[in-house]
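Labels below follow one simple rule: chain letters A, B, ... track the order of the sequence lines, proteins then strands, and each chain is numbered from 1.
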4 protein chains.
Amino acid sequence: MPTGRPRDPQIDAAVLEAVLGVLDEAGYARLTIEEVARQAGTTKPAVYRRWPTRQHLALAALASRLGDSPVPDTGCTLCDLGEGILVFVAAFRRIRPGVLAALFADCAAVPELRDAFLTTLFEPPRTAVGRMLDRAVDRGDLRADVDRALVLDMLSSLVHHRALFGPAPITDDDVAHAVEALMAGIAVDYPRLLAHSRALSDPHHLHT
Amino acid sequence: MPTGRPRDPQIDAAVLEAVLGVLDEAGYARLTIEEVARQAGTTKPAVYRRWPTRQHLALAALASRLGDSPVPDTGCTLCDLGEGILVFVAAFRRIRPGVLAALFADCAAVPELRDAFLTTLFEPPRTAVGRMLDRAVDRGDLRADVDRALVLDMLSSLVHHRALFGPAPITDDDVAHAVEALMAGIAVDYPRLLAHSRALSDPHHLHT
Amino acid sequence: MPTGRPRDPQIDAAVLEAVLGVLDEAGYARLTIEEVARQAGTTKPAVYRRWPTRQHLALAALASRLGDSPVPDTGCTLCDLGEGILVFVAAFRRIRPGVLAALFADCAAVPELRDAFLTTLFEPPRTAVGRMLDRAVDRGDLRADVDRALVLDMLSSLVHHRALFGPAPITDDDVAHAVEALMAGIAVDYPRLLAHSRALSDPHHLHT
Amino acid sequence: MPTGRPRDPQIDAAVLEAVLGVLDEAGYARLTIEEVARQAGTTKPAVYRRWPTRQHLALAALASRLGDSPVPDTGCTLCDLGEGILVFVAAFRRIRPGVLAALFADCAAVPELRDAFLTTLFEPPRTAVGRMLDRAVDRGDLRADVDRALVLDMLSSLVHHRALFGPAPITDDDVAHAVEALMAGIAVDYPRLLAHSRALSDPHHLHT
DNA sequence: TGCTAAGCGAGACGGTACGTCCCGTCTTAAT
DNA sequence: ATTAAGACGGGACGTACCGTCTCGCTTAGCA
């Protein structure tokens with residue numbers, strides 16, 4: 001049972017907010033405990049008591065921003081995949097370019113941090129899209145022998161790659177094209193899927 | 001016409017070697033000019049004369065490691081793509097995980113560095129694979145209306161993603177699967193390509 | 001009321017010791033903050049926090065070596081002068097030749113440092129011998145009209161000169177001879193002083 | 001027989017002049033080969049070809065300034081000593097305070113430089129005054145058993161000490177007082193000397 | 001109510017690495 | 001062979017900021 005003076009919860013919130021402010025305005029390289037403490041109106045030891053390193057701090061702050069992604073389930077495999085991917089594309093767009101790469105690089109060497117990074121920031125949308133693929137297999141839209149993990153990687157890596165290294169984040173059209181090209185290779189009956197998608201969403205933007 | 005004492009080329013080599021040593025053993029975060037100079041048996045000013053920042057230094061060192069990739073051209077589209085990608089997969093495998101991400105994050109904000117990074121480290125294999133796609137279109141293996149840039153992104157991002165964030169670098173089998181799934185969606189006559197590939201390489205490892 | 005982490009007194013001592021080590025073994029020209037920090041097992045900022053310049057550092061270290069000189073007071077003017085001078089001669093002998101000259105040269109241009117040098121290193125023995133001269137006047141051993149400051153300069157400059165520029169530091173005999181020659185010119189009754197001195201100290205070494 | 005392009009003697013002169021300029025205006029600590037070369041309108045290698053070190057350079061420059069001191073010989077021991085000392089006092093007054101001390105400190109560790117320093121800068125006036133003392137002994141003005149080297153040291157050290165460490169260089173009156181106090185202790189018949197001196201120089205300034 | 005233990009703001013600490021200055025040397029092309 | 005010119009290899013500089021520690025005070029829960 002903890003004795004002594006309890007921690008001031010306002011400091012927790014103020015620090016996380018300050019971290020997001022620094023990351024958005026200056027990037028991960030400028031994320032110093034000293035600056036965070038200053039912007040949060042507190043002191044370095046108060047921060048260090050809560051998060052042992054800059055990495056933990058950044059992870060906690062970014063996790064608090066990227067909330068749960070709603071998973072669309074309309075019955076249209078192509079539509080769901082496209083929309084589902086765009087949901088987490090939108091989430092990543094809210095993080096300043098370079099921040100994720102720098103943070104990951106800083107975490108890569110420490111298994112605990114590496115796992116925390118992946119679990120916190122990369123896993124949720126990946127799981128969501130994975131569930132869509134499962135449903136597509138169940139519906140008979142997708143060949144059952146496809147390596148779902150690989151397909152997930154191909155889709156998410158495209159998003160991440162363009163977010164991290166591209167001249168610009170991926171566009172909605174690019175997502176649609178990519179989904180279509182990939183699905184054409186692994187769907188049971190791609191023309192039917194496409195027709196279904198068009199019937200549902202025309203004159204929506206999500207088609208070739 | 002350059003006058004004055006010429007630069008000692010041994011120092012150039014020793015510094016680049018020291019940089020690779022530090023990157024391999026300790027990662028980009030531990031790459032300090034002071035440590036590099038110490039390991040190279042020289043001093044900081046000698047390093048600063050050659051490369052103005054840590055970023056330039058790391059770029060030069062990594063570029064010296066990733067030599068030119070030979071582009072296979074056997075006439076078999078599937079084989080060439082698979083082998084060509086594996087060539088630069090192998091190159092990236094020689095770089096400690098996290099190093100590229102950290103370096104890119106450090107370069108992202110400065111256009112000159114960002115361009116240097118992409119040109120030096122990402123462009124060459126991308127160009128090589130792009131040429132393969134062009135040849136495939138010329139041969140009539142690939143539909144002419146595909147967005148080659150997007151296909152390139154899908155392939156290279158998969159490699160990079162697994163190199164950067166994956167629990168392990170991508171395997172040869174995964175590359176083969178990915179190429180096949182993707183080509184199935186965008187080839188003019190995929191079964192013919194597959195048959196050709198098998199005829200050539202059976203009992204090679206590069207097939208489903 | 002001082003707040004913050006208190007300074008580690010062991011570092012103070014280690015640094016001063018390291019300074020004396022460098023001065024003794026290599027001289028003032030080799031006294032660099034970096035080397036001192038290295039030998040003291042600490043770092044440059046820790047040194048700079050304590051002493052702002054190399055000059056302050058050297059002054060502090062030398063002052064810590066030259067402790068207070070006890071002032072003899074036996075009633076014998078000749079003996080006291082001779083012994084009193086030898087006390088600080090001995091002190092200067094503990095400093096490597098050239099160190100004082102170089103340090104002073106470095107301090108000469110800055111009044112604060114110049115005063116600190118003189119006050120710390122030259123003043124104490126000078127004051128002590130000055131008190132002896134006062135007592136000698138009080139006792140009627142010395143003519144009251146002599147310029148005490150000039151006499152002090154003649155004695156101390158002899159010591160310093162030989163310490164700084166001589167082929168060897170001044171000897172005890174030289175001190176005795178110099179005191180006798182000078183006192184012969186300014187004493188009220190020199191033969192009496194000499195007789196008194198011999199009566200006291202025979203067969204001591206302090207006589208012609 | 002020297003072949004090749006002959007050395008430009010104007011560079012020798014320009015360099016020495018530049019050295020004196022730097023020493024007078026900035027002191028020994030600021031005497032760098034680079035600055036000397038710049039002020040002399042030449043380059044560093046041209047300086048290094050002529051004088052191997054900064055010490056040699058400073059010695060040569062100062063020696064070129066301190067010309068031969070004329071030795072007065074009027075027959076009046078007190079007058080000659082006083083005037084003779086003032087001659088080299090005047091010479092030292094032309095050198096910025098601290099320069100000699102710093103230079104000596106820099107030379108002290110190398111026997112060759114140390115000897116060059118003493119021979120070039122300190123010996124000439126000392127020899128001159130030494131000759132005066134010899135004449136005084138010959139004339140019967142001075143006791144033959146005095147240690148001439150010690151007397152020389154007492155006089156010259158007084159001058160040097162005040163030049164180096166005093167709040168002001170020694171005054172003419174101080175020199176007179178010091179000579180008189182010292183001679184009173186070692187002359188054969190001091191009152192006679194004093195009378196002779198006054199007879200010659202009254203109402204000159206050189207007496208008590 | 002008084003004691004104890006932990007959190008708090010404040011700020012100096014020990015230390016790493018920085019980027020720069022200027023040293024004395026070396027190389028080149030021309031004289 | 002010496003010259004002017006200028007870049008080189010290198011030692012040391014003084015600084016910025018890191019993450020840690022110590023302080024004196026404040027704030028609860030336990031006795």
Side-chain angles (χ1 to χ4, degrees), chain A residues 1-11 30-35 37-38 40-54, chain B residues 1-11 14-15 29-38 40-50 52-54, chain C residues 1-11 14-15 29-38 40-50 52-54, chain D residues 1-8 10-11 30-35 37-38 40-50 52-54:
Chain A
M1 184 172 299
T3 168
R5 178 173 173 174
R7 271 186 196 164
D8 183 349
Q10 294 191 357
I11 292 183
R30 303 272 180 203
L31 182 73
T32 66
I33 303 292
E34 191 149 25
E35 180 60 22
R38 177 163 42 237
T42 181
T43 60
K44 287 194 286 180
V47 178
Y48 278 109
R49 254 187 296 276
R50 288 165 170 79
W51 296 277
T53 71
R54 184 170 53 148
Chain B
M1 184 176 306
T3 166
R5 177 173 173 176
R7 212 161 267 179
D8 183 349
Q10 293 192 357
I11 292 185
V15 168
R30 303 273 180 198
L31 181 73
T32 66
I33 303 288
E34 195 146 17
E35 179 60 20
V36 166
R38 183 160 38 229
T42 181
T43 59
K44 285 192 289 178
V47 178
Y48 278 110
R49 254 189 296 276
R50 289 164 169 79
T53 70
R54 184 173 43 157
Chain C
M1 185 176 304
T3 165
R5 178 173 171 176
R7 212 162 266 179
D8 184 348
Q10 294 191 358
I11 292 185
V15 168
R30 304 269 181 201
L31 182 73
T32 65
I33 303 287
E34 196 145 17
E35 179 61 22
V36 166
R38 185 160 36 229
T42 182
T43 60
K44 285 192 291 178
V47 178
Y48 278 111
R49 255 189 295 276
R50 290 166 167 78
T53 70
R54 184 174 44 156
Chain D
M1 182 174 300
T3 168
R5 177 172 170 174
R7 267 186 199 168
D8 183 350
Q10 294 189 358
I11 291 184
R30 303 273 181 200
L31 182 73
T32 67
I33 303 291
E34 190 149 24
E35 179 60 22
R38 179 164 41 237
T42 182
T43 60
K44 287 193 288 180
V47 177
Y48 278 110
R49 231 170 267 123
R50 289 165 169 80
T53 70
R54 182 169 58 147

Undergrad: Should B:T32 be listed as having a side-chain N or O under 4.0 Å from OP1 or OP2 of E:dT16?
TA: no

Undergrad: Between C:R54 and C:L31, is any pair of side-chain heavy atoms under 4.5 Å apart?
TA: yes

Undergrad: For A:Y48 and F:dC18, give me the distance from atom OH to atom P, rounded to whole Å.
TA: 7 Å

Undergrad: What contact category does C:R50 fall into here, base, sugar-phosphate, or nothing, at under 4.0 angstrom with non-hydrogen atoms?
TA: sugar-phosphate

Undergrad: For A:T53, which contact category applies under a 4.0 Å heavy-atom criterion: base, sugar-phosphate, or nothing?
TA: nothing

Undergrad: Measure from the side chain of C:P6, starting at C-beta and using heavy atoms only, and say which of E:dG14, F:dG9, F:dT22 lies closest.
TA: F:dT22

Undergrad: Taking all non-hydrogen atoms of both residues, which atom of A:V47 and which atom of A:A37 are closest, and how far apart?
TA: CG2-CB, 4.1 Å

Undergrad: In whole angstroms, how far is the C1' atom of E:dT25 from the CG atom of B:D8?
TA: 13 Å

Undergrad: Give the rounded distance in Å between these two atoms: CD1 of A:I33 and P of F:dT20.
TA: 9 Å

Undergrad: Find which nucleotide of DNA chain E each of B:R54 and B:R49 is nearest to by heavy atoms, and output the residue with the more 5' nucleotide.
TA: B:R54

Undergrad: If you round to the nearest 0.5 Å, how far is OG1 of C:T32 from NZ of C:K44?
TA: 9.0 Å

Undergrad: Which residue, B:L31 or C:A46, contacts DNA chain E at a nucleotide closer to its 5' end, judged by nearest heavy atom?
TA: C:A46

Undergrad: Return the value, rounded to whole Å, for the distance between atom CZ of A:R7 and atom C1' of E:dG7.
TA: 8 Å

Undergrad: Under a 4.5 Å cut-off applied to non-hydrogen side-chain atoms, are B:R50 and B:I11 in contact?
TA: yes

Undergrad: Assign B:E34 to base, sugar-phosphate, or nothing according to its heavy-atom contacts below 4.0 angstrom with the strands shown.
TA: base

Undergrad: Whole-Å distance between F:dG6 C1' and D:R38 CZ?
TA: 14 Å

Undergrad: Look at the side chain of A:R5 and the base of F:dG29, then say whether one donor and one acceptor between them are separated by less than 3.5 Å.
TA: no

Undergrad: Within the structure shown, what part of the strands sits under 4.0 Å from B:P45 by heavy-atom distance: base, sugar-phosphate, or nothing?
TA: base

Undergrad: Just to confirm, is there a sub-4.0 Å distance from OP1 or OP2 of E:dC8 to any side-chain nitrogen or oxygen of A:T42?
TA: no

Undergrad: Do C:K44 and E:dG15 share a donor-acceptor pair, side chain to base, under 3.5 Å?
TA: no

Undergrad: Whole Å only: how far is the CD atom of B:Q10 from the P atom of F:dG9?
TA: 11 Å

Undergrad: For a quick check of understanding: with a heavy-atom distance under 4.0 Å over all strands, which category does C:T43 fall into, base, sugar-phosphate or nothing?
TA: base

Undergrad: Got B:R30 and B:E35 here, is their nearest side-chain heavy-atom distance under 4.5 Å?
TA: no

Undergrad: Mind calculating the distance between CD (B:E35) and P (E:dA17) to the nearest angstrom?
TA: 7 Å

